[in-house]
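Predicted model only: the values in this text are computed from it and were never measured. Note that the numbering runs from 1 along the sequence shown for the chain. Read the numbers this way: they start at 1 and go in the same order the structure lists the ligands and their atoms.
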Amino acid sequence: MASFSSAAVPSAAPATTNKTNTLPPSPLFSKTSSHRFKTHANQTLRFKISCNAAANDDDKSLNNSEILNLTPKRSPDMQNVDRRNLLLGIGGLYGAANYMTSIPSAFAAPITAPDNISDCIAANAGISDKKDAARTLACCPPVLSESAPKRFVLPKGAVTRVRPAAQRVTDEYLAKYNEALQKMRDLPDDDPRSFKQQAMIHCAYCNGSYRQKEQDGKPRKEIQIHNSWLFFPFHRWYLYFYERILGKLIDDPKFAIPYWNWDSPTGMTIPAMFEPDPAKGDPRKNPIFNAYRDAKHLPPVVVDIDYNGKERGASCIDQISINLAAMYKQMISSATDPISFFGGEYKAGDDPVNMGSPLIGSIESGCHTAVHRWVGNSRMPNNEDMGNFYSAGYDPIFYAHHANVDRMWKIWKGLGIKGHHDPTSEDWLEASYVFYDENKELVRVYNKDCVDTEPMGYEYETSRIPWSRNRPIPRTKKPKIAARSAGRVRKVEDVKFPLKLDQTVKVLVKRPAVNRTKEDKEKATEVLMVNGVRFDGEKFVKFDVFVNDKDNVPATTAADSEFAGSFAQLPHNRSSEKMMMMSGARFGITELLEDLKAEDDEYVVVSLVPRTGCEDVTVSEIKIELVPIV
Ligand code: C2O
């Protein structure tokens with residue numbers, strides 16, 4: 001049994017090895033080990049985790065019994081981070097960006113959901129009879145009045161709602177949660193607060209029910225809340241009202257929804273609270289029951305937050321290492337600027353369908369999409385519920401999953417790293433959506449009112465963030481990879497785009513600068529951009545991006561230093577016709593290049609490795625740019 005303080009958590013990075021698929025156990029999680037450690041507040045936390053690792057064995061057990069003497073605390077997650085360590089190699093001290101004071105511009109063009117919700121496109125009805133759809137595609141909310149939505153004003157007051165980690169909830173909490181959810185399910189379907197209507201909100205905003213306000217008489221473009229910087233704020237508001245409605249139904253204004261703590265080993269299985277105990281009566285009568293989940297992924301199977309659509313067959317310990325490494329990349333090393341983290345700019349008049357949506361942020365593309373797909377039932381025609389956007393909201397676990405995604409937004413901003421701040425543009429701050437609140441009142445909400453959780457009256461129970469020190473250790477240090485590949489790998493300027501991704505693609509990409517000094521790196525982050533990714537919106541699509549990978553022993557997972565990140569998309573399932581969509585991704589690679597000793601190389605080798613659904617994917621541009629850190 002090891003004893004250590006949180007300020008001295010050892011790096012969980014796997015040690016150097018030449019084999020790609022056998023990661024050594026991270027020191028944090030040796031087989032059947034139990035740790036005690038102290039938090040900054042000198043509280044003793046204990047947890048026990050035992051990985052009886054057996055690859056390809058569905059019965060392998062992660063005996064994930066956390067000892068429940070953890071008192072919920074109201075402190076931001078960042079207090080668990082050792083900032084000195086985080087700042088190593090990343091850059092200077094945090095300068096708070098003054099984004100809230102930007103001057104409104106007369107030319108701002110924020111995405112604005114329509115005032116009139118009866119305007120919701122009934123066209124979806126035309127495809128509601130899609131034969132194999134388990135849930136309806138007619139997702140418009142009921143129209144209760146003809147008056148325009150009121151501008152929503154956050155109730156004043158202290159933080160009252162503390163969202164607990166799902167794996168640690170008490171029986172008392174669980175009883176409340178179940179009661180609230182049952183009441184929500186019992187509301188008539190045409191009540192906008194009913195579970196069904198709540199589920200359909202997701203489908204309406206994702207599957208093409210709303211059009212933007214008219215722009216210069218041009219045809220009104222669709223609203224899409226994925227694949228761009230609307231992703232975090234839209235879902236934050238969505239959960240806000242879902243939580244307020246549940247609280248109202250049980251008359252408890254302090255009620256808070258749980259978060260699925262999949263970024264921490266103690267939370268890396270489907271939380272027990274979402275799997276009714278058959279010993280306690282017919283599970284189908286339990287409000288948390290959902291029939292559409294992948295039976296292969298029920299507890300104690302460890303979640304794969306880099307899910308490729310098939311079983312990885314990794315041992316439990318290896319899977320945990322991969323997950324922590326993926327979190328580190330998505331939260332720290334590749335999410336070095338607001339666009340990489342939030343997703344691309346998306347403004348009124350932009351056409352996400354025909355012109356292509358901007359680009360997807362690191363968390364949305366990474367753990368968010370992977371967990372969705374991993375939970376959804378692979379035997380259902382559209383991987384309902386969680387595996388497809390149109391049906392995801394029907395699984396109560398959706399809201400716990402998104403609470404953790406939301407928590408990542410808060411943590412990312414709180415890491416104390418320069419450049420980690422919200423978008424400052426009016427086009428983002430003024431973007432707005434329309435929801436029904438807990439009183440069935442139609443309200444309009446703005447991004448600018450959801451940038452921090454405290455004014456919204458909630459926060460997250462603290463959990464450790466063990467991935468925060470997970471900078472991977474390179475397998476080997478082989479400089480000059482690009483120089484040695486010249487002749488075998490084409491330079492990007494000699495490649496004809498669009499490039500097909502039906503097989504692995506490797507290109508040499510020129511860097512904008514070499515041998516950047518520490519000061520240079522504090523001023524700008526080096527970003528690898530994969531633009532104009534065209535994909536089939538009906539498919540689960542994923543490809544991984546590696547830098548300076550070796551031909552003989554290719555890197556395979558996020559736990560390898562060469563891994564820059566992934567591009568992944570859940571099916572949008574808008575119609576039965578094939579629908580091509582366009583997006584893009586970008587990855588900060590400053591740290592990666594340091595790790596691989598490629599700092600003085602003029603070119604790097606970029607590999608795009610298709611994982612699933614990439615048969616008809618094409619990419620129109622690959623480049624590296626310096627993005628100023630402000
Ligand atoms: Cu709106 Cu998890 O997606």
Side-chain angles (χ1 to χ4, degrees), residues 111 113 124 135 137 139 141 166 197-210 222-243 257-260 262-263 270 274 290 292-294 303-307 330 341-344 346 352 357-377 382-409 431 433-435 445 447 450 537 539-542 566-574 581 583:
I111 294 284
N124 266 351
R135 307 290 190 181
L137 274 149
C139 308
Q197 290 293 341
Q198 290 296 304
M200 288 180 354
I201 290 172
H202 196 254
C203 162
Y205 273 101
C206 169
N207 297 74
S209 294
Y210 294 120
E222 182 175 317
I223 295 183
Q224 173 54 255
I225 42 73
H226 298 102
N227 275 308
S228 80
W229 65 4
L230 297 190
F231 173 73
F232 280 107
F234 169 81
H235 290 86
R236 177 166 282 180
W237 277 120
Y238 183 13
L239 296 191
Y240 175 87
F241 291 111
Y242 177 79
E243 178 172 88
I257 56 172
Y259 67 92
W260 178 3
W262 36 246
D263 61 305
I270 289 183
F274 291 103
N290 184 28
Y292 304 135
R293 284 188 199 140
D294 199 320
V303 65
D304 182 353
I305 66 172
D306 185 32
Y307 188 51
Q330 291 162 30
F341 182 75
F342 287 89
Y346 171 39
S357 42
L359 62 88
I360 187 165
S362 62
I363 291 291
E364 183 186 355
S365 188
C367 49
H368 161 259
T369 299
V371 172
H372 263 283
R373 193 66 178 183
W374 187 83
V375 174
N377 188 348
N382 305 293
N383 288 66
E384 285 92 348
D385 282 322
M386 281 281 277
N388 198 306
F389 278 138
Y390 96 98
S391 54
Y394 285 89
D395 191 335
I397 211 169
F398 170 89
Y399 306 89
H401 173 42
H402 266 276
N404 206 37
V405 169
D406 184 67
R407 181 174 157 259
M408 291 304 131
W409 178 7
Y433 326 94
V434 171
F435 287 92
V445 293
N447 282 358
C450 77
K539 284 187 185 163
F540 172 45
V541 171
K542 182 173 187 276
S566 316
F567 175 88
Q569 290 284 334
L570 222 52
H572 289 250
N573 208 39
R574 289 181 62 254
M581 294 180 69
S583 186

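- The distance from atom 2 (Cu) of ligand 1 to the nearest N/O/S atom of His372 is under 2.8 Å.
- Taking the centre of each ring, Tyr205 and Phe234 come in below the 6.0 Å mark.
- Distances from atom 2 (Cu) of ligand 1 to each N, O or S atom of His368 single out NE2 as the nearest.
- Counting backbone and side-chain atoms alike, Cys206 contributes no N/O/S atom closer than 2.8 Å to atom 1 (Cu) of ligand 1.
- Annotation: Phe398 is in aromatic contact with His372 [ring centroid separation under 6.0 Å].
- Residue contacts to atom 2 (Cu) of ligand 1: His202 brings no N, O or S atom closer than 2.8 Å.
- Using modelled atom types, no side-chain atom of Glu384 and backbone atom of Arg135 make a donor-acceptor pair closer than 3.5 Å.
- Note: Tyr433 and Tyr238 fail the aromatic proximity criterion, with ring centroids not under 6.0 Å apart.
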